[in-house]
Number of protein chains: 2
Amino acid sequence: MNIGTAARQSGLAPKTIRYYEDIGLLTADRAANGYRDYSNEDVHRLRFVQRSRSLGFSVEECRQLLSLYTDRDRASADVKAIATEKLGEIDRKIAELTGLREMLGHLVENCHGDARPDCSIIDGLSGRSRDH
Amino acid sequence: MNIGTAARQSGLAPKTIRYYEDIGLLTADRAANGYRDYSNEDVHRLRFVQRSRSLGFSVEECRQLLSLYTDRDRASADVKAIATEKLGEIDRKIAELTGLREMLGHLVENCHGDARPDCSIIDGLSGRSRDH
DNA sequence: CATAAGAGTTCCAGCCGCTGGAAGCTCAAG
DNA sequence: CTTGAGCTTCCAGCGGCTGGAACTCTTATG
């Protein structure tokens with residue numbers, strides 16, 4: 001199948017698929033006319049990458065996961081290690097964002113938000129606030 | 001004061017400060033020797049940007065905030081609007097990450113993580129899992 | 001006073017992960 | 001036969017820095 005079909009079936013943009021080929025993440029056969037030609041198994045791999053990316057894995061991690069995916073002899077522990085590491089990262093990001101949310105939330109709450117120039121958000125950002 | 005001192009006091013890297021000047025976010029006086037020369041007020045502004053960036057505002061948003069910071073006549077409502085919008089974005093990001101966390105958490109939980117090649121994480125990523 | 005270290009300057013290039021756009025090819029429908 | 005969609009390649013740019021080269025300037029020490 002052509003790249004457009006593979007794109008639709010995998011949820012990736014054609015441009016993205018070409019880019020992945022460019023950086024050597026995935027290869028594709030070529031038809032006689034020079035068009036890329038994708039098998040169902042290729043689409044599986046594309047979707048695998050799409051899901052992994054959307055779960056927060058970097059392209060390099062996808063490369064690793066993909067080789068683990070392809071290598072039927074690898075231990076599941078190898079995969080679990082990568083996924084667990086990622087889980088930690090996600091947790092750290094959530095914690096960080098939650099902190100941000102709290103701080104910014106305070107600022108917004110304390111800002112009267114009217115026509116007066118006095119603004120606790122600006123004060124907070126400039127480090128002139130009384131607490132924290 | 002020189003850029004290094006301003007950097008230390010604002011929590012930004014000298015490179016970053018030069019970059020901000022490059023893109024016209026902040027300007028700096030020059031001393032006779034050509035070195036950038038920062039006043040205490042400059043450092044205030046640098047720190048303002050540093051905080052804003054660390055709270056998740058983009059450089060462009062920082063530019064807006066900075067002009068609101070500098071303009072003593074603006075209404076606090078203007079600032080509040082930007083901050084509230086940002087708060088929504090942060091909430092969306094948290095929700096997204098929480099979703100990811102849950103999904104990846106399930107996969108990791110179900111993976112026995114031993115030497116066997118059978119792996120529920122790989123299965124999940126490849127879209128072969130039974131549920132979700 | 002010579003010299004060496006450290007901090008400043010400029011500019012160019014690269015990171016990640018795409019995405020847009022130009023110019024040219026191929027293919028299917030009308 | 002023409003039109004338009006879809007494919008190809010390549011080059012450039014996004015955001016937000018960061019690294020490195022090559023240079024000048026300042027400061028401390030022998």
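All chains are named by letter (A, B, ...) in the order of the sequence lines, taking the proteins before the strands, and each is independently numbered beginning at 1. What you see below is based on every heavy atom in this structure, not just the backbone, and it leaves out hydrogens, waters and symmetry mates.
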Review point. If only side-chain N and O atoms of B/Arg30 are considered, is one of them under 4.0 Å from the OP1 or OP2 phosphate oxygen of C/dT10?
Key: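 Checking B/Arg30 against C/dT10: at least one side-chain N or O falls below 4.0 Å of OP1 or OP2.
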Review point. For C/dC18, does OP1 or OP2 lie under 4.0 Å from any side-chain N or O of A/Tyr20?
Key: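 Yes, within the criterion.
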From [atom1] of [X] over to [atom2] of [N], roughly how many Å is that when rounded to an integer?
X: B/Gln50; N: D/dC17; atom1: CD; atom2: P; value: 10 Å
X: A/Tyr19; N: D/dA12; atom1: OH; atom2: P; value: 17 Å
X: A/Arg63; N: C/dC16; atom1: CZ; atom2: C1'; value: 12 Å
X: B/Ile17; N: D/dC17; atom1: CD1; atom2: P; value: 11 Å
X: A/Ile3; N: D/dG6; atom1: CD1; atom2: C1'; value: 11 Å
X: B/Leu12; N: D/dG16; atom1: CG; atom2: C1'; value: 12 Å
X: B/Glu60; N: D/dG16; atom1: CD; atom2: C1'; value: 11 Å
X: B/Arg18; N: C/dG8; atom1: CZ; atom2: C1'; value: 7 Å

Review point. Do A/Glu89 and A/Lys86 sit within salt-bridge range, that is, some charged N less than 4.0 Å from a carboxylate O?
Key: yes
**Study point:** Salt bridge B/Glu96-B/Lys93, side-chain N to carboxylate O under 4.0 Å
**Key:**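 Salt bridge: no.
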Review point. Contact class for B/Ile23 vs. all strands (heavy atom < 4.0 Å): base, sugar-phosphate, or nothing?
Key: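 No contact.
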Practice item. Quick one: label A/Arg36 by what it contacts on the DNA or RNA (base, sugar-phosphate, nothing), any heavy atom closer than 4.0 Å. Key: sugar-phosphate
**Study point:** Sidechain-backbone polar pair: A/Asp42 side chain, A/Ser39 backbone, donor-acceptor under 3.5 Å
**Key:** yes
Point to revise | With B/Arg53 via side-chain hydrogen bond (donor to acceptor under 3.5 Å, both in side chains) - residues at least two apart | key: none
**Study point:** B/Lys15 (side chain) and D/dG16 (base): donor-acceptor pair under 3.5 Å
**Key:**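 Absent.
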